[in-house]
Each structure stands twice: as C-alpha cells, then as structure tokens.
**Q** 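One structure coming up, written as structure tokens, with questions to follow.
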There are 2 protein chains.
Amino acid sequence: MKTAQADRAEQAVAELLADEGLRFTPARRLVVRALADAPGPLTTGDLHTALRSRLPLSSLYRTLTVLAAARVLAREHDGGGVARYELAEWLTGHHHHLVCLVCGEVRDVSIDPQTEGTIAALVERIAGGAGFEATGHRIDIEGKCAACRRR
Amino acid sequence: MKTAQADRAEQAVAELLADEGLRFTPARRLVVRALADAPGPLTTGDLHTALRSRLPLSSLYRTLTVLAAARVLAREHDGGGVARYELAEWLTGHHHHLVCLVCGEVRDVSIDPQTEGTIAALVERIAGGAGFEATGHRIDIEGKCAACRRR
DNA sequence: ATAGCACTGATAATCATTCTCATTCTCGTT
DNA sequence: AACGAGAATGAGAATGATTATCAGTGCTAT
C-alpha cells in the first residue's frame, strides 16, 4: 500500500477504534502496517516472524482478535485450518485469492469491475433461487503459483 | 443422493480404496453414506451426532483422515476454523457453497453449466495474468440462509 | 490354518488459540 | 502536575480440535 493512501487508511482505522472506545496503540499499528504491506492474508505465525517477535504471541493473538472484532481485519482459514488475517475490504477494496496447493501461499488478486459485476449478478441469481440473502462472496482460485511451477 | 446412483458411487469408492490397498469397512461405509445424505459439508461433531456415536471419536477422526487422503472426501474449514468434510467432487459433481453467517450452516448449490463455463473462463484469465496455474476454484456465497431470514 | 497387514478404539500427546490476571500505560479531570 | 478509571500488555495456564501411539482384533490371500 502506498504511503499517502496508507496514512489515510490508518486515520480511518484510528477513528473507527475510537468510536468503540478503543485505542490505536503501537502494537495495533504495527499489525495493521504489516498486513498493509503483505501480498495476501497472513497467519499468526507469519506475522510473528514479520514483526521479528516484537510482540509476544499472547499479545499478537489478542491484538488480532480485537482488530477483527472491530472489523478492521478479516479472518479466514487456510487449507490446514490455521487462521489468516488481512485488512478488511473497506480498507483494501474487494478482491479474491490465488491459493497455491503446493506451498500454501495465498495471494490477493483483483478483478476488473466489469467482470466483478458479472459475478455479482450471478451470485445474486444463485442465492435468490435458494431463498438465501447474499451479502458477499469469496472466490478462491486453487492451483500452482508461479514460483512452484518453476520447480 | 439416490440409491442407484449411491450404489455406483460406493462401488467406485470401494475400487479406489482397493487400489491403494485399503478396505471399504463398515465404519468407512457409514461415513460415506452419512455424507452422501447431507445437504452440505459436515463437521466431525455433526457426523458424530448423525451417526449417533456409533463410531468413537478417535475412529471417526482417523476414518475421515484416511478417506480424505485417498481423495474420497474433500476437507475444508468453516468460519470458526473447524474442519468440514464432504464427498469429493468426482463423486458429487462440481458445486459451490451458501454460507450462513448467522447460524453457520453451509449448503451446496450447483450452477448451470453455461454459467459455470463463464466462471471457468474468467478464472483462467485471472490466474494466467498472475502466472498462476489454476486447477480448480471455490466460490462461497455468504449471507443469511432462508431459515435465519424468517427469524 | 496361518502369516501378514489393515483396522479399531482407548488413551496420550500436540498445536493453535483463548483465557486469566497482575501490572502498566493513557488520557481526561482536578 | 498528581489522580483515577478504563484500556492495554505480557506471562502463563487452560481449552478444544485434531493427531499420534499402541495393544488388541479381524480380513484375506497364499
């Protein structure tokens, strides 16, 4: 994420937290920045490494839980069942994931607005047919990433 | 799943297992049948209940692991991070999921072949643009299920 | 019938994650 | 500038889902 953009995002995060009586502490800022710089959702272990153990695991876990509850972060689970976190879509924009079945890496991809419109329409149609009220969708493309293909 | 179809499916499962030197035992048959009758992927707990505790948890877990390794079952993880199992797509056909964010239920949905073709094409395009070799995709439609909407 | 290997089920062990709690920090108020 | 309330931190214990271990059982093929 570029810095001007990142500053605005952090400002927005600070305000959102303040509204809930929470503070945007150094630890939380560290986590938000690490995730803003990541190419895809990170596990708690990834973050612990990325932050060079600057926050103890117990604090990191709590920070992630708090930020996810405040909707600053989104949490999902990878193929092994371990949690991965990324900035919520209101901060990053809507996107999907390329999931490498060999190395386990998950990378963000955006889709052009027109295609995304097509998808949204068919999601509505499918959901409606089942009496389901759709509020969002998630697409994971599974396969082999560029790095693993070379090997 | 209808019975004639189910019989053929079980036959295919038995052969696949035999090829790997494994047996299609009563416990495994029980699990495959329970999943064939389910409207969507089940957690280990769901299965334990559905089978009225007829297999002890340790056996159930091992059975699921073995069947997934043999590609009879597919394993995924729900929003809470707990594992869910369903019959592999070569047995059920390709499909996607409606995920209720209120009650957590996951239900299968199929998409008409034409729409699925459209999706496959755009998945290829997106993946190709990132040097990624796509072998499959998964779409989760998130929202509120019919039952939860009524409440 | 017998040996060899797969299977079962009870139990122990593991791993990610959450909880508890004493301490420290921040910020608004005197 | 000191104070007090609530929020945040970090160490360690506790939990819950899942996996590994192992002794005993049962198929199956020669």
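Here the structure is a predicted model, which means the values were calculated and not measured. So you know, we letter chains A, B, ... as the sequences are listed, proteins then strands, and number each from 1.
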**Q** Between dG16(D) atom P and His48(B) atom NE2, what is the distance in whole Å?
**A**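 Taking NE2 of His48(B) and P of dG16(D), I get 16 Å after rounding.
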**Q** If we ignore angles and hydrogens, is there a donor and acceptor under 3.5 Å between the side chains of His94(B) and Glu116(B)?
**A**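 Side-chain D/A pair, His94(B) to Glu116(B): present.
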**Q** Taking only side-chain N and O atoms of Arg28(B), does any of them lie within less than 4.0 angstrom of OP1 or OP2 on dA6(C)?
**A**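 False: Arg28(B) side-chain N/O out of range (4.0 Å or more) of dA6(C) OP1/OP2.
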**Q** What is the distance, to the nearest angstrom, from the CG atom on Leu60(B) to the C1' atom on dT8(C)?
**A** 13 Å
**Q** Would you mind classifying the nucleic acid contact of Leu57(A) as base, sugar-phosphate or nothing, using non-hydrogen atoms under 4.0 angstrom?
**A** nothing
**Q** What is the distance, to the nearest angstrom, from the CG atom on Asp19(A) to the P atom on dA7(D)?
**A** 14 Å
**Q** Give one of base, sugar-phosphate or nothing for Gly45(A), where a contact means two heavy atoms less than 4.0 Å apart.
**A**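 Answer is nothing: Gly45(A) stays at 4.0 Å or more from every strand.
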**Q** Can you find a side chain N or O atom of Ser59(B) that sits less than 4.0 Å from OP1 or OP2 on dT8(C)?
**A**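 Ser59(B) to dT8(C) OP1/OP2: no side-chain N or O under 4.0 Å.
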**Q** Ignoring backbone atoms, establish whether Thr44(B) has a side-chain N or O less than 4.0 Å from OP1 or OP2 of dT18(D).
**A** yes
**Q** Between P on dT8(C) and CZ on Arg54(B), what's the gap in Å once rounded to a whole number?
**A** 14 Å
**Q** Give the minimum heavy-atom separation between Ala134(A) and Ile141(B), together with the two atoms involved.
**A** CB-CG2, 3.7 Å
**Q** Drop me the distance from Leu30(A)'s CG to Thr25(A)'s OG1, to the nearest 0.5 angstrom.
**A**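 Rounded to the nearest 0.5 Å, the CG-OG1 separation comes to 9.0 Å.
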**Q** Rounding to an integer number of Å, can you tell me how far Leu67(B) CG sits from dT19(D) P?
**A**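 My rounded result for the distance is 13 Å.
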**Q** Rounded to the nearest 0.5 Å, how far apart are CG of Asp140(B) and CD of Glu76(B)?
**A** 7.5 Å
**Q** Which part of the nucleic acid, if any, lies within reach of Arg62(A) when heavy atoms closer than 4.0 Å are counted: base, sugar-phosphate only, or nothing?
**A**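 Touches a base.
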**Q** Give a yes or no on whether a salt bridge exists between Glu86(A) and Arg75(A), defined as a side-chain N under 4.0 angstrom from a carboxylate O.
**A** no
**Q** To the nearest 0.5 Å, tell me how far Ile139(A) CD1 sits from Leu98(A) CG.
**A**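 That separation rounds to 11.0 Å.
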**Q** From CG of Leu47(A) over to C1' of dT17(C), roughly how many Å is that when rounded to an integer?
**A**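 Roughly 15 Å, once rounded to whole Å.
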**Q** Is the shortest side-chain N/O distance from Tyr61(B) to OP1 or OP2 of dT18(D) below 4.0 Å?
**A**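 The answer is yes; a side-chain N or O of Tyr61(B) sits under 4.0 Å from OP1 or OP2.
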**Q** Heavy atoms only, 4.0 Å cut-off, all strands: where does Thr25(A) land among base, sugar-phosphate and nothing?
**A**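 The residue Thr25(A) makes sugar-phosphate contact but no base contact.
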**Q** Could you give the CG-to-P distance, from Leu51(B) to dT8(C), as a whole number of Å?
**A**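 Rounding to the nearest Å, CG of Leu51(B) and P of dT8(C) are 13 Å apart.
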**Q** Give a yes/no on whether any side-chain N or O of Thr65(A) is located under 4.0 angstrom from OP1 or OP2 of dT18(C).
**A** yes
**Q** According to a strict under-4.0 Å criterion, is Ser58(A) in side-chain N/O contact with OP1 or OP2 of dC19(C)?
**A** no
**Q** Any side-chain donor-acceptor pair under 3.5 Å between Thr49(B) and Asp46(B)?
**A**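 No - no donor-acceptor pair under 3.5 Å links their side chains.
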**Q** For DNA chain D, find the residues of residues 72-91 of chain B with a heavy-atom distance under 4.0 Å and give them by number; none if there aren't any.
**A** Arg75(B), Val82(B), Ala83(B)
**Q** Quick one: Phe24(A) CZ to dC25(C) C1', roughly how many Å, whole number?
**A** 17 Å
**Q** Identify whether any heavy atom of Leu22(B) sits under 4.0 Å from a base atom; if not, whether one sits that close to sugar-phosphate; answer base, sugar-phosphate or nothing.
**A** sugar-phosphate
**Q** Distance from Thr43(A) atom OG1 to Tyr85(A) atom OH, nearest 0.5 Å?
**A** 10.5 Å
